[in-house]
Structures are given as C-alpha cells and as structure tokens.
2 protein chains.
Amino acid sequence: MLSYTCKTAVKAVIYLASKYESGNNAGIKEISEYINASEHTVGKILQTLVKHNVINSVKGPSGGFFISKEQRKQTIINIVESIDGKQVFKECGLGLSKCSSTHPCPIHNDYKKARDIIEKLFGSKTIIDLCKPVNNGLTYLMG
Amino acid sequence: MLSYTCKTAVKAVIYLASKYESGNNAGIKEISEYINASEHTVGKILQTLVKHNVINSVKGPSGGFFISKEQRKQTIINIVESIDGKQVFKECGLGLSKCSSTHPCPIHNDYKKARDIIEKLFGSKTIIDLCKPVNNGLTYLMG
DNA sequence: AGAATAAAAGCACTTTAATACTTTTATTCA
DNA sequence: TGAATAAAAGTATTAAAGTGCTTTTATTCT
C-alpha cells in the first residue's frame, strides 16, 4: 500500500512528535537511529516533509527538526500524500487507469471498501493519536 | 498492495478463464494484447502460474495456456500468493517486522481490519466470479 | 568576524522490479 | 522424419526506488 520510504516518513514523524514534550529539536542522526533507518534516507524524507509544511527545521547549532503544536494535530494522511502522492488511495486493485464505479474492474466494489477504510484511517488518525501509545511504551517504532 | 506483476497475473488469468467456454487455448500474444501488457512479461508470469498449478500449458502448435474447470473454482488468492508470496496480507502498515496484536505498531489495529478485508476478498472471490462481469461486458481488463 | 554545527541540495551509486532477448524443449502436422 | 509452432528457461537490459556522498547555506556561539 505505502512505499517503504513513506512508512519511514510516518515513523520519523511519530518519533519527532513523541519527543515534542521535551521542547528540543531532533537531529537526523537521532531520528534515524531510533527508527532504525538510514541517516541519508531520513534526511531526504524530512526535507520533503518540511517543504510540505508537515514539520519544521532549523539549520545550525542546536538546530534540527521539530513539529509545532498545530502540526501535531494533522492527520497522518498529510505525510502519506507528501511522500507517495494524493492518488495512493484512489488506485485500482488491478492497476487499471480507468477503474471507477461507472467503469469498474472485476474487483472494484470490494477493493474500494477496504481502500476506503485505509484512507479513512490515515485521514482521521492525528499525529498526536499515534504517539500516545509510543509514549506509553505500548508500541514500538523499530524492529 | 499488489505488485504490478501480480495485477497483470490476475488480469491474464481472468482473460484466460473468460475464454474458457471456447475450449481453445490462448497464446501469450493474444493474452498480452488483450490485457495490454508486455508479451515477455506475460510469458514469465504464466510460466510461474503453471508451476503453481493455477493454470496449465501445452507446447507446440495449437498449444498455449488454458485453465481447467476445477482450476476456475480457485479463489484469486492463489494467483496472488504465487506471484507476490503468502506474506502479502500479513505485512505491517508501517513496515515493522515484528508487528502483531501483542506487539503492535501505532496503526496496527485499524490497518489490520482493512488488510483482513482485502485478504478475505481475494480469498473468497473465485476466478469464475471475476470473469462473469467481463463476459457480460460490465467490466474491462484494459485501460 | 570566524569557527563550528546542522540542515538543504545536488549528484552518484546500488539494489530490486520489470522488461526484453535468446536458446532450448515439447508437440503437431505434413 | 523434418519443419513449424509455441511454451520453458536462462540471461541481459532498463527503469525505478532507495541509499550514499559531497557541497552549499543558514544559524549559533565565541
């Protein structure tokens, strides 16, 4: 469903948000170590997210990435759309470019149901929602 | 969710099955033209499906691929598992290797619901089910 | 102002998926 | 039996995704 890069993006943002309370910025190194991903990859991803106003960054000493209170209220669909694009939840289950309710592929109706659930999931869960279980130690971002 | 190759595989099998009534085999060229995919790619995919006993083939003149009455009763999950592997419907929404109900990722519960619907869809729809709308002209396999 | 820090940006490399090409094997038909 | 046909199988190429490295720019602190 999501690209590997996009999954990494979500994990990185959740880490960043779960660190929010501290008031400190997080550097690329710190983030990539925590979510067990390549430093360069994380750097690239976070740059893209800054461009899309999902997170913020500051250069220089004591710089790094951070997420504002307002930004934490975003749903994670913003992350997904920034990395994989807005069409992710519109794609046909069989890869047909012109699959729709009026011109459906053989699995259109059933596939759409599941796809809509995933879209709704990403469109309703906020970043805050997802970092709660991480802060509580109930879920993990690595492994 | 499914790889491009896997989507092509499903389309190829549906075409093959929708041709079943004619009693004739279908050649690679014919199939690839109908589903608008590369001849070589279709050849490779169908070879794999023959190995997994999803379809059959005969070499030589008037040879080609065909699907038996019994094979048409299979659900399309057999196609998916032959091409993309059995783990497709088990994967974590955030790409964690050890995500489960006892060790969940932050979106585990919701994501699993949708994933299970898709698994159920592919595990319940038979090849026959899917070629009916094609034969009726209600759905298409190209475009 | 200068040194140090850390992200931004651009370019290059690697890996994997997908596609293309070539040779081999099996079957049919004359 | 030999020619033609069509899939099987193996190899090579291409394209895309992901990763790595280097240079530039912005910021902070002394």
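We name chains A, B, ... by the order of the sequence lines, and we start the count at 1 in each one. Scope of the values below: all heavy atoms of this structure, side chains included, with no hydrogens, waters or symmetry mates.
Identified under the salt bridge (Lys or Arg N to Asp or Glu O under 4.0 Å) test for residues 81-91 of chain B, with sequence neighbours left out: B:E81-B:K86, B:K90-B:E119. For residues 36-61 of chain B, the set of pairs meeting the salt bridge (Lys or Arg N to Asp or Glu O under 4.0 Å) definition, not counting sequence neighbours, is empty.
Protein atom CZ of B:F66 is 13 Å distant from nucleotide atom C1' of C:dT27, rounded to whole Å. For A:L49 and C:dA7, the CG to C1' distance is 14 Å, given to the nearest whole Å. Rounded to whole Å, atom C1' of C:dA6 lies 15 Å from atom CG of A:N24. Taking atom NZ of residue A:K29 and atom P of nucleotide D:dT19, one finds them 19 Å apart after rounding to whole Å. A:I83 has its CD1 atom 16 Å from the C1' atom of D:dA16, to the nearest Å. In this structure, the CZ atom of B:F65 is 5 Å from the P atom of D:dA7, given to the nearest Å. We find that NZ of A:K7 is positioned 12 Å from P of D:dT19, with the value rounded to whole Å. The separation between A:E30 atom CD and C:dT5 atom C1' is 15 Å, rounded to whole Å.
By the rule that hydrophobic residues join a cluster once side-chain heavy atoms approach within less than 4.5 Å of another member, A:I67 and A:I128 end up as members of separate clusters.
When the side-chain nitrogen and oxygen atoms of B:S62 are compared with OP1 and OP2 of D:dA6, none of them lie within a distance under 4.0 Å. Look at A:S57 and you'll find a side-chain N or O under 4.0 angstrom from OP1 or OP2 of C:dA8.
Counting heavy atoms of neighbouring residues, nucleotides and ligands inside a 6.0 Å radius, atom NZ of A:K19 exceeds 12 of them.
Screening A:I31, A:N36, A:I14 against A:L141 for a side-chain contact (heavy atoms from CB on, under 4.5 Å) leaves a single residue, A:I14.
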>> Generate the contact string for nucleotides 13-26 of chain C. Rules: B means base contact, S means sugar-phosphate contact only, - means no protein heavy atom under 4.0 Å.
In response: -----SSBB---BB
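A:I28 comes within contact range of the sugar-phosphate backbone alone, with a heavy-atom separation under 4.0 Å but no base atom that close.
B:S3 and B:T5 are not linked by any side-chain donor-acceptor pair at a separation below 3.5 angstrom, with hydrogens and angles left out of the test.
Atom OG of A:S57 sits about 9.0 Å away from atom CG of A:L46, to the nearest 0.5 Å.
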